[in-house]
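Bear in mind the structure is a predicted one, so any value in this text is a computation, not a measurement. Note that these values count all heavy atoms, side chains included, but never hydrogens, waters or copies made by symmetry.
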Amino acid sequence: MRNLKLIIPFIGGILLMLILFFSFRSCFKVSEKTEKSDYYILTNQISKMNKMVVLEQDFSAMQKTKFGYEFLGKEMTSNSVITYTKTNAQVSYDLNKMKIEVDSINKKLIIRKLPNADIRITPSVEIQSLDDSFINRISEKDIKNVQQKAKQTAVKSVDQNKLRSEGHQQLMENLNSIFVLAKALNYKIEDQTGKIGVLGL
């Protein structure tokens with residue numbers, strides 16, 4: 001009977017230690033899963049991005065080109081071509097070239113590199129009016145030259161610096177979803193590019 005009284009507290013102590021051990025063990029497992037979960041949520045969100053068209057604008061213009069022949073300083077005959085030019089300008093980013101590192105141990109989202117903007121300007125020229133005459137014919141070569149000059153004028157008329165600036169702002173707004181998610185998971189955002197100041201991070 002005396003031995004039983006000694007054994008019962010001993011068994012109770014062992015049971016208490018086992019309960020505490022498994023409780024601590026389960027706690028550590030939960031925190032490990034949370035860290036991995038945070039990491040995979042961020043990396044999966046980043047990996048979904050590829051080529052992103054952030055800005056697209058359309059422009060149009062009409063241009064009249066006159067052909068004339070002079071004799072002794074006087075215009076003898078003339079004709080003209082009127083062209084209509086539609087121009088599409090796109091700003092895109094190849095986000096496969098973006099370098100972002102997720103440091104789950106120190107809870108950091110490190111932006112190491114952002115891709116440069118790819119600006120694509122595509123003009124298309126249509127002949128709206130062709131004032132031709134039997135004496136002064138407009139050749140196919142003349143028409144091609146008119147179309148080529150209209151395309152060159154359209155490309156020069158696009159303000160690429162403005163497009164690049166607006167495209168960068170739109171890129172930051174699109175990436176903001178990742179940054180908001182990182183902040184929600186208590187990650188600190190570390191910008192090593194110096195290009196993300198627009199968000200005030």
Side-chain angles (χ1 to χ4, degrees), residues 43-101 110-179 191-201:
T43 52
N44 287 342
Q45 190 76 10
I46 292 166
S47 66
K48 286 178 185 175
M49 295 187 175
N50 42 43
K51 190 167 185 178
M52 180 189 291
V53 177
V54 296
L55 190 67
E56 188 170 10
Q57 292 182 357
D58 291 305
F59 309 90
S60 60
M62 295 193 78
Q63 183 175 320
K64 183 177 181 179
T65 305
K66 187 177 178 181
F67 298 92
Y69 288 95
E70 294 183 355
F71 181 73
L72 297 177
K74 291 185 177 181
E75 187 178 89
M76 301 300 294
T77 180
S78 67
N79 46 27
S80 61
V81 177
I82 297 176
T83 54
Y84 176 67
T85 308
K86 292 190 293 184
T87 307
N88 176 264
Q90 281 187 354
V91 183
S92 62
Y93 289 88
D94 185 356
L95 296 185
N96 291 316
K97 296 178 181 177
M98 179 176 63
K99 292 183 180 178
I100 294 182
E101 181 184 327
I110 306 165
I111 299 97
R112 298 196 182 277
K113 183 182 178 182
L114 286 176
N116 294 322
D118 178 25
I119 297 177
R120 184 178 179 183
I121 302 171
T122 311
S124 62
V125 181
E126 297 176 2
I127 303 295
Q128 289 289 304
S129 176
L130 183 63
D131 179 18
D132 203 358
S133 67
F134 180 75
I135 298 172
N136 183 17
R137 302 306 301 265
I138 298 175
S139 67
E140 188 177 340
K141 183 180 178 182
D142 290 334
I143 292 173
K144 284 183 178 179
N145 286 337
V146 168
Q147 290 176 321
Q148 186 62 33
K149 286 179 181 177
K151 287 180 180 180
Q152 291 172 354
T153 301
V155 171
K156 287 178 182 178
S157 68
V158 176
D159 189 343
Q160 294 194 30
N161 289 331
K162 185 180 178 182
L163 275 180
R164 190 173 282 107
S165 176
E166 290 177 357
H168 178 73
Q169 288 180 356
Q170 187 61 48
L171 173 68
M172 292 302 103
E173 288 180 20
N174 293 354
L175 290 177
N176 196 34
S177 59
I178 293 178
F179 301 146
D191 174 30
Q192 295 186 351
T193 68
K195 297 178 181 178
I196 306 185
V198 71
L199 291 177
L201 298 175

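- Here the closest heavy-atom approach between residue V54 and residue Q170 is recorded as O-CG, 3.0 Å.
- For the pair L163/V158, a side-chain contact is recorded, criterion being any heavy-atom separation below 4.5 Å from C-beta on.
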Original post:
Between L171 and L95, does a side chain to side chain contact (heavy atoms under 4.5 Å, CB included) hold up when you go through it step by step?
Top reply: CA-CA 10 Å; L171 173 68; L95 296 185; 4.1 Å; yes
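- Side-chain N or O atoms of S165 include none that pairs as donor or acceptor with a backbone N or O of K162 at under 3.5 Å.
- Side-chain atoms of T83 come within 3.5 Å of backbone N or O of Q63 as a donor-acceptor pair.
- Taking every heavy atom of both residues into account, G167 and V91 meet most closely at CA-CG1, 4.1 Å.
- The line from CG of N145 to OG of S139 is 7.5 Å long, rounded to the nearest 0.5 Å.
- When every heavy atom of R164 is checked against every heavy atom of Y93, the shortest pair comes out as O-OH, 4.2 Å.
- The salt bridge (charged side-chain N to carboxylate O under 4.0 Å, His left out) contacts involving residues 144-160 comprise E140-K144, where partners must be two or more places apart or lie in separate chains.
- Here CZ of F59 is found 13.0 Å from OG1 of T85. Values are rounded to the nearest 0.5 Å.
- In this structure, K64 NZ and S80 OG are separated by 4.5 Å, a value rounded to the nearest 0.5 Å.
- Checking Q192, K99, K97, M172 one by one against L114, the side-chain contact (heavy atoms from CB on, under 4.5 Å) holds for a single residue, M172.
- Every side-chain hydrogen bond (donor to acceptor under 3.5 Å, both in side chains) that E166 has, sequence neighbours left out, goes to Q57.
- Taking CD1 of I143 as the start and CD1 of I127 as the end, the distance is 5.5 Å to the nearest 0.5 Å.
- Looking at residues two or more places apart in sequence or on another chain, you find a side-chain hydrogen bond (donor to acceptor under 3.5 Å, both in side chains) between T193 and D191.
- Once rounded to the nearest 0.5 Å, the distance linking OG1 of T65 with CD of Q147 reads 10.5 Å.
- At least one side-chain heavy atom of I121 sits under 4.5 Å from a side-chain heavy atom of Q160.
- Note: E56 CD to Q90 CD = 4.5 Å, rounded to the nearest 0.5 Å.
- Taking the side chain as every heavy atom from C-beta outward, K113 and M98 never approach each other to under 4.5 Å.
- Heavy atoms from other residues, nucleotides or ligands lying under 6.0 Å from CG of N174 number more than 12.
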